[in-house]
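Since the structure comes first, as structure tokens, the remarks are kept for the end.
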There are 2 protein chains.
Amino acid sequence: MAKDKSYVSEAVMRRMPKYYRYLTDLEKSGIERVSSKELSHRMGLTASQIRQDFNCFGGFGQQGYGYNVSDLRHEIHKILGLTRVYNMIILGAGNVGQALANYTNFEKDGFIIKGLFDINPRLIGMSIRGIPVYDIDELESFISKNEIHIAVICTPKEKAQEVADRVIRCGVKGIWNFAAMDINAPRDTIVENVHLSDSLYTLSFRMSDD
Amino acid sequence: MAKDKSYVSEAVMRRMPKYYRYLTDLEKSGIERVSSKELSHRMGLTASQIRQDFNCFGGFGQQGYGYNVSDLRHEIHKILGLTRVYNMIILGAGNVGQALANYTNFEKDGFIIKGLFDINPRLIGMSIRGIPVYDIDELESFISKNEIHIAVICTPKEKAQEVADRVIRCGVKGIWNFAAMDINAPRDTIVENVHLSDSLYTLSFRMSDD
DNA sequence: TAGATTGTTAATCGATTAACAATC
DNA sequence: TAGATTGTTAATCGATTAACAATC
């Protein structure tokens with residue numbers, strides 16, 4: 001019943017994790033079924049939009065009943081690609097890199113941090129939550145020995161493109177970028193940005209909005 | 001010449017920080033003028049969109065010339081509300097809270113972290129980059145003594161709404177939310193979300209896209 | 001002046017909302 | 001069966017792109 005994901009719009013795609021969050025909460029609170037109307041109230045969307053969104057991927061509901069929470073959650077789990085495991089490395093073991101390494105929640109979803117890399121001799125050899133910090137010189141050999149799917153860029157922005165180029169050359173196809181710049185990458189490499197300063201500027205913009 | 005910000009769409013608003021980033025880079029590299037066409041190539045937008053975006057706020061360019069980089073950057077600086085200072089507190093002094101406190105770049109833009117708050121006795125009394133960690137019990141009295149504009153929520157998601165309610169009651173009008181849930185707040189309180197897991201799920205989605 | 005590029009209007013495209021037949 | 005709610009088509013709305021007169 002599930003359709004192809006190829007032509008899902010950016011807007012729909014960005015709502016999927018939110019659906020997943022709400023359905024996880026509903027399931028946890030023991031709720032078995034939910035209608036698009038009920039979900040629309042909780043999430044602040046329209047029921048129409050919710051049905052349109054789900055029907056990009058297949059008909060997960062049942063007329064007169066609604067959606068089975070657990071089934072729907074499971075479908076979205078699959079849609080998000082969370083049935084597999086992703087091996088990650090963190091480039092830059094500063095504040096942000098260390099915070100991400102310490103954050104254990106990603107592991108529950110199958111995102112495994114295999115190592116951190118830095119240029120700073122004081123950090124190299126350390127370990128964070130049991131995850132070693134390697135010399136950035138070992139980057140290429142490490143990737144060739146371990147199957148790394150995602151590189152998390154936590155370097156200063158001056159070094160971000162350089163390290164991105166290096167991991168792309170090694171065949172890494174996913175980049176989670178925390179540096180305050182846009183990364184250039186070939187079409188088959190997915191770059192997802194977390195621009196914290198952009199987010200803070202947006203907050204500032206809206207607070208000073210007249 | 002500058003227009004009202006009231007009816008700026010979400011889409012335009014989200015592009016403003018990106019313009020600010022690119023203009024800052026251009027100014028740093030000593031480039032004086034830029035046309036919408038040149039900027040469109042660099043940023044991967046259309047020239048038309050760029051001109052439309054800027055004209056939401058006023059006519060900052062000059063026919064036949066383009067835009068003066070430094071002037072335009074300064075205009076966007078104002079538009080983003082970065083001419084003032086924001087006092088912030090961080091709620092939750094765990095990984096994320098500490099990482100944000102250690103990150104000095106926000107201060108350059110006038111976002112000053114006045115304190116962290118936690119429930120954990122081991123953290124209370126510590127200081128991070130000179131910024132004290134207070135007992136969460138002191139939250140209300142601290143806010144009443146200091147003019148706090150923004151609360152950064154870095155608590156576990158179970159506590160997020162509770163601490164949000166407390167700071168809102170004290171008159172805080174801006175919330176930067178790092179917890180993996182949506183915060184309920186009155187209309188005059190601005191909530192800006194950084195949902196890291198949503199971002200990671202989106203990356204996963206696009207990597208497994210068929 | 002001639003060339004370049006804006007600001008702005010009109011046309012297009014895509015996303016959201018509304019409506020309703022299908023059906024559980 | 002009657003009531004509820006989906007899946008889907010049609011209508012609307014808003015955002016992006018194209019075009020061009022204005023003008024530096």
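Residue numbers begin at 1 in each chain, while the letters A, B, ... track the order of the sequences.
Not one side-chain nitrogen or oxygen of B:Q63 sits closer than 4.0 Å to the OP1 or OP2 atom of D:dA22. In terms of phosphate contacts, B:T46 brings no side-chain nitrogen or oxygen within less than 4.0 Å of OP1 or OP2 of D:dT16. Residue A:S36 places no side-chain N or O under 4.0 Å from the OP1 or OP2 atom of D:dT5. Contact between the side-chain N/O atoms of B:Q62 and the OP1/OP2 oxygens of C:dT6 is not found at any separation under 4.0 Å. At the phosphate of D:dG7, OP1 or OP2 sits under 4.0 Å from a side-chain N or O atom of A:Y67. For the pair B:R15 and D:dT16, the criterion of a side-chain N or O lying under 4.0 Å from OP1 or OP2 is met.
When distances are taken from the side chain of A:N55 to each of D:dC24, C:dT17, D:dG7, the shortest belongs to D:dG7. For A:R51, counting side-chain heavy atoms from C-beta on, the closest listed nucleotide (C:dT5, D:dT6, D:dA15) is D:dT6. With D:dC24, D:dT5, C:dT8 as the choices, the nucleotide that has an atom nearest any side-chain atom of A:S35 turns out to be D:dT5.
Here C:dT6 presents its P atom at 15 Å from CD of B:Q49, a figure rounded to the nearest Å. If you measure from atom CD1 of A:I50 to atom P of D:dG7, you get 12 Å, rounded to the nearest angstrom. A straight line from CG of A:D53 to P of C:dA15 spans 11 Å, rounded to a whole angstrom. The distance between atom NE2 of B:H41 and atom C1' of C:dT5, rounded to the nearest whole Å, is 13 Å. Between the C1' atom of C:dG7 and the NZ atom of B:K37 lies a distance of 18 Å, rounded to the nearest Å. Between the CD atom of A:E10 and the P atom of D:dT16 there is a distance of 12 Å, given to the nearest Å. Going from atom OH of B:Y7 over to atom P of D:dG14 covers 13 Å, rounded to whole Å. Nucleotide D:dT6 holds its P atom 14 Å from the CZ atom of A:F60, rounded to whole Å.
Between B:F54 and B:F60, the ring-plane angle classifies as tilted under the 30° and 60° cut-offs.
Ring pair A:F106/A:W176: centre-to-centre distance below 6.0 Å.
Salt bridge annotation for B:E192-B:R14: present, with a cationic side-chain nitrogen under 4.0 angstrom from a carboxylate oxygen. Using a 4.0 Å cut-off between charged nitrogen and carboxylate oxygen, B:R129 and B:E107 count as a salt-bridge pair.
With hydrogens and angles disregarded, a donor-acceptor distance shorter than 3.5 Å links the side chain of B:H195 to the backbone of B:A179.
Contact annotation: side chain of B:Q52 to base of D:dT16, donor-acceptor pair absent below 3.5 Å. The base of D:dA18 lies close enough to the side chain of B:S48 for a donor and an acceptor atom to sit less than 3.5 Å apart.
The base-pairing partner of D:dT23, taking Watson-Crick or G-U wobble contacts with both distances under 3.5 Å, is C:dA4. Pairing for D:dT9 goes to C:dA18, judged as Watson-Crick or G-U wobble with the two contacts each under 3.5 Å.
Here the side chains of B:C154 and B:I90 are in contact, with some heavy-atom distance below 4.5 Å.
The residue among A:Y65 and A:A11 whose nearest nucleotide of DNA chain C is located toward the 5' end is A:A11.
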